[in-house]
Amino acid sequence: MLRVHFTVDDLCRVTLISRLPQLGEAVLSVQALRRNDQGLRFDAWRRSLRGNLPAKVAPLLDLVPAHGWIPDFLTSTRDNGSVRDVLEAIRAVPRRQLTADLNRLASAHSLPGWVRGLADGDPDAMNAVTRALAAYHDLAIAPHARRMQSAVDTDLDRRVTTLRRHGVGALLSGLHPALRWQPPVLTVPSPFGRDIHLAGRGMTVAPVVFGGPLPRLLVGDRDDRPVLIYPLAFDAVVNPLARPAPDGRQQHAARALGTVLGATRAAVLHAVAAAPGLSTSELADRVRVSPASASEHATSLRGAGLITSRRERNRVLHYPTAAAAVLLDAPRTVPPRAAPPGLRPRPGG
């Protein structure tokens with residue numbers, strides 16, 4: 001187990017990643033591709049890739065084992081901007097770190113001969129690695145990136161609510177059942193026993209679609225801020241790795257949903273998507289219905305897989321699912337108001 005020691009300064013520097021680290025997910029996904037576990041999550045995605053990967057992705061596959069540690073220079077899960085920027089950052093990794101990473105990898109796995117050139121700083125070898133990563137990303141991650149981002153956003157909304165209402169300790173202890181928070185130490189699953197003192201660096205917390213089934217701590221260089229990645233809970237209703245419907249079908253589904261839900265229930269869904277973590281009474285105030293009516297509509301939306309709800313003390317808080325985020329495109333949608341009381345449709349309308 002890894003024992004991560006926090007100071008007060010570290011607790012003040014715990015941050016949540018703001019957007020999906022697409023190349024980091026690509027690297028982590030190679031391990032999922034090479035294994036056969038977590039079938040519900042990954043089997044359909046694996047079938048779409050196995051036998052269809054071009055030869056130019058081979059350098060990436062050579063560097064990522066099916067289990068265990070991945071070279072730090074590849075695990076770019078930090079929020080580093082565009083795919084191009086992250087590829088440039090990988091090319092700029094100091095040779096000292098590159099050599100250390102590859103020596104550690106070679107101590108546990110047999111590596112092909114070309115890796116020696118990479119360790120020696122051969123730019124052609126490094127370009128082959130970044131081209132492989134870019135090509136693999138385009139096939140394995142890019143088609144699902146929008147849904148993956150929606151799933152990450154939904155999870156982050158919950159974490160922000162926990163942080164705001166209950167503090168950093170509740171955030172850390174609630175990320176995954178395998179994590180244990182005993183202030184000021186966070187215990188993270190690992191085959192190695194080690195104490196890590198953050199010493200003022202803080203820590204970034206990142207939900208990932210790939211990278212499970214257990215959380216892992218990416219430590220990197222001594223001066224880097226460690227990144228704690230944890231797998232998103234599996235949503236049986238909406239799998240972010242499912243092939244998205246063509247745009248025309250998705251737009252038709254959105255229009256059909258609005259017709260089926262009716263104005264009031266659609267307003268409830270929009271309100272939850274626009275402000276995740278609303279309690280039932282807050283939802284009722286926002287949509288201008290009674291708490292009983294808000295609860296009824298939330299129950300229907302939950303049954304349809306469009307929201308999730310969880311109890312915190314004496315309140316029930318509501319969050320959009322990835323399905324709702326994709327369907328409504330919530331960040332760019334203005335929540336509609338329910339009709340005035342005199343024009344409000346009958347219940348269920």
Side-chain angles (χ1 to χ4, degrees), residues 2 17 19-35 49 53-142 190-192 194 196-199 201-204 206 208 210-211 216-229:
L2 299 179
I17 203 165
R19 59 182 178 269
L20 183 77
Q22 292 194 31
L23 289 184
E25 288 274 21
V27 173
L28 293 170
S29 77
V30 174
Q31 289 196 326
L33 180 65
R34 302 186 70 170
R35 300 196 306 258
L49 291 177
L53 292 175
K56 61 184 174 182
V57 308
L60 176 65
L61 304 184
D62 288 339
L63 295 175
V64 181
H67 299 274
W69 180 77
I70 299 172
D72 290 332
F73 79 92
L74 287 176
T75 50
S76 301
T77 56
R78 295 164 181 80
D79 194 357
N80 283 336
S82 70
V83 168
R84 178 179 296 180
D85 290 342
V86 176
L87 290 173
E88 287 300 325
I90 292 174
R91 292 189 189 99
V93 167
R95 182 173 171 183
R96 172 181 55 83
Q97 179 188 343
L98 193 61
T99 301
D101 281 359
L102 294 175
N103 284 341
R104 178 176 173 181
L105 187 65
S107 69
H109 304 279
S110 178
L111 299 178
W114 72 266
V115 176
R116 172 52 57 190
L118 181 62
D120 290 340
D122 180 359
D124 290 337
M126 176 56 81
N127 286 334
V129 171
T130 54
R131 284 196 299 267
L133 178 52
Y136 177 83
H137 161 269
D138 290 345
L139 290 170
I141 301 299
S190 172
F192 308 104
R194 181 182 171 192
I196 297 173
H197 294 268
L198 296 179
R201 290 176 293 170
M203 187 174 70
T204 298
V208 292
F210 297 96
R216 65 175 82 178
L217 187 70
L218 307 178
V219 180
D221 201 12
R222 183 184 307 175
D223 297 326
D224 287 343
R225 170 181 290 203
V227 178
L228 176 66
I229 64 173

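The salt bridge (Lys or Arg N to Asp or Glu O under 4.0 Å) check on R194 picks up nothing, with sequence neighbours excluded. Among residues two or more places apart in sequence or in another chain, the side-chain hydrogen bond (donor to acceptor under 3.5 Å, both in side chains) test is passed with R104 by none. With sequence neighbours left out, D101 forms a side-chain hydrogen bond (donor to acceptor under 3.5 Å, both in side chains) with no residue at all. Partners of H197 under the ring-ring contact (aromatic ring centres under 6.0 Å, His included) rule, at least two apart in sequence or in another chain, are H5. A134 is linked by a side chain to side chain contact (heavy atoms under 4.5 Å, CB included) to L87, counting only residues two or more places apart in sequence or in another chain. A search for salt bridge (Lys or Arg N to Asp or Glu O under 4.0 Å) contacts involving R95 returns nothing, not counting sequence neighbours.
Contact between L49 and A140 at its shortest, heavy atoms only, is CD1-CB, 3.6 Å. Contact detail for R225 and G202: the closest heavy-atom pair is CG-O, 3.7 Å. Minimum interatomic distance between F73 and M126 (heavy atoms only, all atoms of both residues): CE1-CE, 4.4 Å. Closest approach of G117 to A125, counting heavy atoms only: C-CB, 4.1 Å. The two residues L23 and V83 have their closest heavy-atom pair at CD1-O, 3.6 Å.
Checked options L218, L228, V227, I229; the residue passing with T204 is V227 (criterion: side-chain contact (heavy atoms from CB on, under 4.5 Å)). Under the side-chain contact (heavy atoms from CB on, under 4.5 Å) test applied with V27, the options L63, V64, I141, I90 reduce to a single match, V64.
When side chains are defined from C-beta on, Q22 does not count as touching V86, because their heavy atoms never get closer than 4.5 Å. When side chains are defined from C-beta on, W114 does not count as touching D122, because their heavy atoms never get closer than 4.5 Å.
A donor-acceptor pair under 3.5 Å links the side-chain atoms of Q31 to the main chain of P65, judged by distance alone.
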side-chain contact (heavy atoms from CB on, under 4.5 Å) assessment of I70 paired with R216: CA-CA 11 Å; I70 299 172; R216 65 175 82 178; 3.8 Å; yes
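Dense packing is recorded around CZ of R35, with more than 12 heavy atoms of other residues, nucleotides or ligands lying under 6.0 Å away.
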